[in-house]
Amino acid sequence: MKRNEIADKYKWRLEDIVSTDEEWEKLYNEIASYESQLKSYEGKLGDKKMLKECLECNEKVDTLIGRMYCYARMRRDQDGSVQKYIAFTDKAMGLMIRLSTATSYMNSEISSLSEEYLSDVISDKDFEPFDFMLKEIVRAKKYILSDKEEKLLSMASQATGNYSEIFTTINNVELPMPTIKTPDGDVKLTHGNYGLFLQSSDKSLRESAFQGMYGAYKKLINTICNTYAGSVKKDNFYARARGYEDCLQQSLFGDNVPKDVYNQLINAVDENTSVMHKYMELRKKALGYKEMHMYDLSVAIFENADLKLSYEDAYELVIKGLKPLGEEYASLLREARDHGWIDVMENEGKRSGAYSWGCYGVHPYVLLNYSQTTHDVFTIAHELGHAMHTYYSNKTWGLNKSQYQIFVAEVASTVNEVFLLKHLISTVEDKLLKKYLLSYYIDMFRTTLFRQTMFAEFEKIAHDMELNGKPLTVDSLSEEYYALNKKYYGDAVTHDDDIRYEWARIPHFYNSFYVYKYATGITSAINIVNSILADPKNVERYKKFLCAGGSDSPYNILKNAGVDLATKHPYEVAMKEFNDTLKLLEKEI
């Protein structure tokens with residue numbers, strides 16, 4: 001379908017950002033005019049008046065840049081065949097790079113200022129919009145080295161910082177993907193169709209895809225191992241050079257997250273692997289398999305259980321599912337639907353998938369490619385969770401404090417999914433659909449809480465091995481990973497030998513100690529949902545979380561919402577939820 005064939009009620013209203021393309025050009029020129037002013041503050045930030053002017057000017061320009069870039073990029077996303085908006089996007093990116101270069105001195109110059117001066121600035125009410133940012137700079141000062149040392153580390157990073165790029169080239173270009181036999185003929189295996197093949201009801205096809213994928217990685221396993229080992233050594237080198245205990249502490253420091261969060265997560269999941277083992281046994285029984293292999297874990301236990309709702313009915317269902325969040329929240333959901341926040345339908349040239357995005361000073365936007373599937377109903381709820389989080393944060397703070405960090409970015413979206421799931425599980429009458437929804441929920445735990453924690457545990461093992469002088473070889477890494485796989489999934493699964501090489505195909509491992517955030521995200525969401533269902537008054541506490549933006553550390557923001565991830569309690573709540581859901585599914589099978 002072409003875009004001009006879609007009714008306006010299904011399209012987002014980007015005119016709310018910039019009224020016309022001609023106004024966009026004027027905005028571009030206005031932003032460009034600030035370049036010399038931004039440069040003019042360099043070397044003057046030790047003067048409070050100059051520092052305040054600089055921060056205010058930079059925030060104003062960032063706000064304008066957000067409008068400029070979002071308009072261009074979302075115009076391009078709605079139809080990538082329109083050359084005008086490809087050019088707009090490239091032009092916007094070029095200006096953003098120029099202005100980033102013009103302001104590159106700011107953080108380093110502020111960091112070089114005395115703690116006494118910065119403390120005085122932070123306590124000054126005129127700097128309230130920037131106080132948290134400045135506190136974070138002060139917090140990081142003890143890990144900032146001398147100018148000479150910083151210059152050496154910067155120079156070294158040019159030679160040591162490209163392991164991720166090397167892996168990306170291996171993974172996307174060099175990997176010798178095979179051709180496999182399918183019912184439709186021979187098909188070349190790709191990263192994209194691999195996931196689809198693993199969901200196929202054809203067991204032989206799943207096996208062929210699995211063996212083909214890992215066969216490709218095994219052919220380059222020594223090169224991949226050397227690349228990952230180099231990345232781990234780089235991580236540990238920079239952590240030691242700056243005076244951190246280890247790379248884990250350095251990685252958590254950026255979000256100001258205590259180490260106890262990471263350790264509590266791993267310990268809690270390790271202590272509850274028996275529940276995952278029970279699920280594997282139930283899955284094996286439901287599928288009727290004598291042997292259940294690793295390539296059988298993505299196939300649906302129950303087929304043909306889609307909701308198949310029109311967009312209008314799906315949206316109303318989402319509103320009903322999120323009723324516990326109150327009338328104000330429901331009113332905002334209707335506002336989003338009725339006033340151009342959402343681009344709903346697929347059209348020729350439109351970007352695939354879904355996202356929530358936007359710019360400060362304008363309502364958030366959601367891109368969908370809605371089709372009548374259960375997954376797409378949950379996508380509506382998920383993306384609206386992001387949108388509401390952004391709406392409340394932007395409404396409460398100026399730009400600088402409105403930007404919430406990645407550590408909490410998936411909490412609101414998952415809260416919405418969990419509310420919708422619980423609503424459907426408790427209300428649907430179709431037994432097959434109820435079974436499907438229960439298994440859908442359980443697989444959220446498997447893929448997001450257990451699997452991501454397994455990845456997190458492997459990362460810690462690998463970095464500790466290097467710190468303790470143990471060589472990172474194909475055999476040593478693969479044995480550690482294979483042992484984890486057995487521990488997490490149990491005896492009901494046939495642990496195919498190839499799965500020991502799965503570590504070699506995880507791109508996130510080159511952004512160390514990142515994946516645990518997915519696991520803490522779902523843990524936090526489950527705790528928040530259960531607290532609201534137990535006591536509706538907790539909605540107000542949750543709204544304070546949505547409003548908090550980036551005004552404090554994400555750990556503290558969640559703690560204030562009743563979720564202290566440095567303690568056992570949140571994980572115990574999540575594990576009980578997993579176990580209770582599994583019991584419900586057992587009754588249905």
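All values below were derived from every heavy atom in this structure, side-chain atoms included, with hydrogens, water molecules and symmetry-related copies excluded.
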ring-ring contact (aromatic ring centres under 6.0 Å, His included) evaluation trace for H293 with F210
CA-CA 10 Å; H293 294 259; F210 181 84; 8.4 Å; no
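- Between Y440 and Y436, the angle of the ring planes lies from 30° to 60°, which puts this pair in the tilted group.
- Across all non-hydrogen atoms, the minimal contact from I589 to A286 is CD1-CB, 3.9 Å.
- Looking at R505, its side chain never comes within 3.5 Å of a backbone N or O of Y214 through a donor-acceptor pair.
- Salt-bridge check for R500 with E479: passed, with a basic side-chain N closer than 4.0 Å to an acidic carboxylate O.
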Determine whether Y217 and Y501 satisfy the following criterion, ring-ring contact (aromatic ring centres under 6.0 Å, His included), listing intermediate values before the conclusion.
CA-CA 8 Å; Y217 279 96; Y501 304 108; 9.7 Å; no
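- A donor atom on one side chain and an acceptor atom on the other are found under 3.5 Å apart for T473 and S476.
- Ion pairing between K583 and E588 fails under the 4.0 Å rule for side-chain N and carboxylate O.
- At most 12 heavy atoms of other shown residues, nucleotides or ligands fall within 6.0 angstrom of atom CG in D491.
- Between the side chains of T179 and D186, not a single donor N or O lies within less than 3.5 Å of an accepting N or O.
- Salt-bridge annotation for K434 and D430: absent, with no side-chain N of the basic residue lying under 4.0 Å from a carboxylate O of the acidic one.
- With respect to K350 and D77, no salt bridge is recorded, no charged nitrogen being found less than 4.0 Å from a carboxylate O.
- The cationic atom of K543 (NZ for Lys, CZ for Arg) does not lie both less than 6.0 Å from the six-membered ring centre of Y329 and within 45° of the ring axis.
- R541 places a side-chain N or O within donor-acceptor distance of the main-chain N or O of A561, the cut-off being under 3.5 Å.
- Between Y518 and Y514, the ring planes lie perpendicular to each other; the angle is over 60°, past the 30° to 60° tilted range.
- Taking a cutoff of 4.0 Å between a charged side-chain nitrogen and a carboxylate oxygen, D580 and K576 qualify as a salt bridge.
- Legend: ring pair (Phe, Tyr, Trp, His ring centres under 6.0 Å) pairs involving residues 152-182, not counting sequence neighbours, sorted by first then second residue: F167-Y510.
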Passes side-chain contact (heavy atoms from CB on, under 4.5 Å), F419 versus L325? Steps please.
CA-CA 9 Å; F419 267 127; L325 293 176; 3.6 Å; yes
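- In terms of modelled atom types and a separation under 3.5 Å, the side chain of D496 and the main chain of D498 share no donor-acceptor contact.
- With hydrogens and angles disregarded, a donor-acceptor distance shorter than 3.5 Å links the side chain of Y482 to the backbone of H495.
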Verdict with supporting geometry, T453 and Y488, side chain to side chain donor-acceptor pair (under 3.5 Å)
CA-CA 10 Å; T453 303; Y488 275 72; 5.6 Å; no
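- T182 places a side-chain N or O within donor-acceptor distance of the main-chain N or O of D184, the cut-off being under 3.5 Å.
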Worked check of side chain to side chain donor-acceptor pair (under 3.5 Å) between E207 and S204:
CA-CA 5 Å; E207 183 178 9; S204 63; over 6 Å; no
Under the ring-ring contact (aromatic ring centres under 6.0 Å, His included) rule, what do Y244 and Y143 come out as? Steps first, then yes or no, please.
CA-CA 8 Å; Y244 293 96; Y143 296 113; 3.8 Å; yes
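- Within 6.0 Å of the NE2 atom in H191, the count of heavy atoms belonging to other residues, nucleotides or ligands exceeds 12.
- For D255 (side chain) and V257 (main-chain N/O), no donor-acceptor pair under 3.5 Å exists by modelled atom type.
- Listed for the N193 side chain is a donor-acceptor partner under 3.5 Å among the backbone atoms of T190.
- Aromatic rings of F455 and Y516 (six-membered ring for Trp) have centroids beyond the 6.0 Å cut-off, not under it.
- Of all heavy-atom pairs spanning R283 and D443, the tightest one is NH2-OD2, 3.5 Å.
- A donor-acceptor contact shorter than 3.5 Å is absent between the side chain of D376 and the backbone of Q372.
- In plain terms, the two heavy atoms of S393 and L546 that are nearest each other are OG-O, 2.8 Å.
- Between A574 and T523, the closest heavy-atom pair is CB-CG2, 4.2 Å.
- A salt bridge links E136 with R139: at least one charged nitrogen is closer than 4.0 Å to a carboxylate oxygen.
- For the pair H386 (side chain) and A409 (backbone), a donor-acceptor distance under 3.5 Å is present.
- In the model, Y481 has a side-chain atom that pairs as donor or acceptor with a side-chain atom of E502 under 3.5 Å.
- Between the side chains of N556 and S553, at least one donor-acceptor pair of N or O atoms lies under 3.5 Å.
- Ion pair K284/E291 not flagged as a salt bridge, since none of the NZ, NE, NH1 or NH2 atoms sits closer than 4.0 Å to an Asp/Glu carboxylate oxygen.
- In terms of heavy-atom proximity, L175 sits nearest to A216 at CD1-O, 3.8 Å.
- In this structure, K422 pairs ionically with E577, as a charged nitrogen and a carboxylate oxygen lie closer than 4.0 Å.
- Between K259 and D246 there is a salt bridge, since at least one side-chain N of the basic residue sits less than 4.0 Å from a carboxylate O of the acidic one.
- When all heavy atoms of Q405 and P554 are compared, the closest pair comes out as OE1-CD, 2.9 Å.
- Between the side chain of D296 and the main chain of M292, no donor-acceptor pair closer than 3.5 Å is present.
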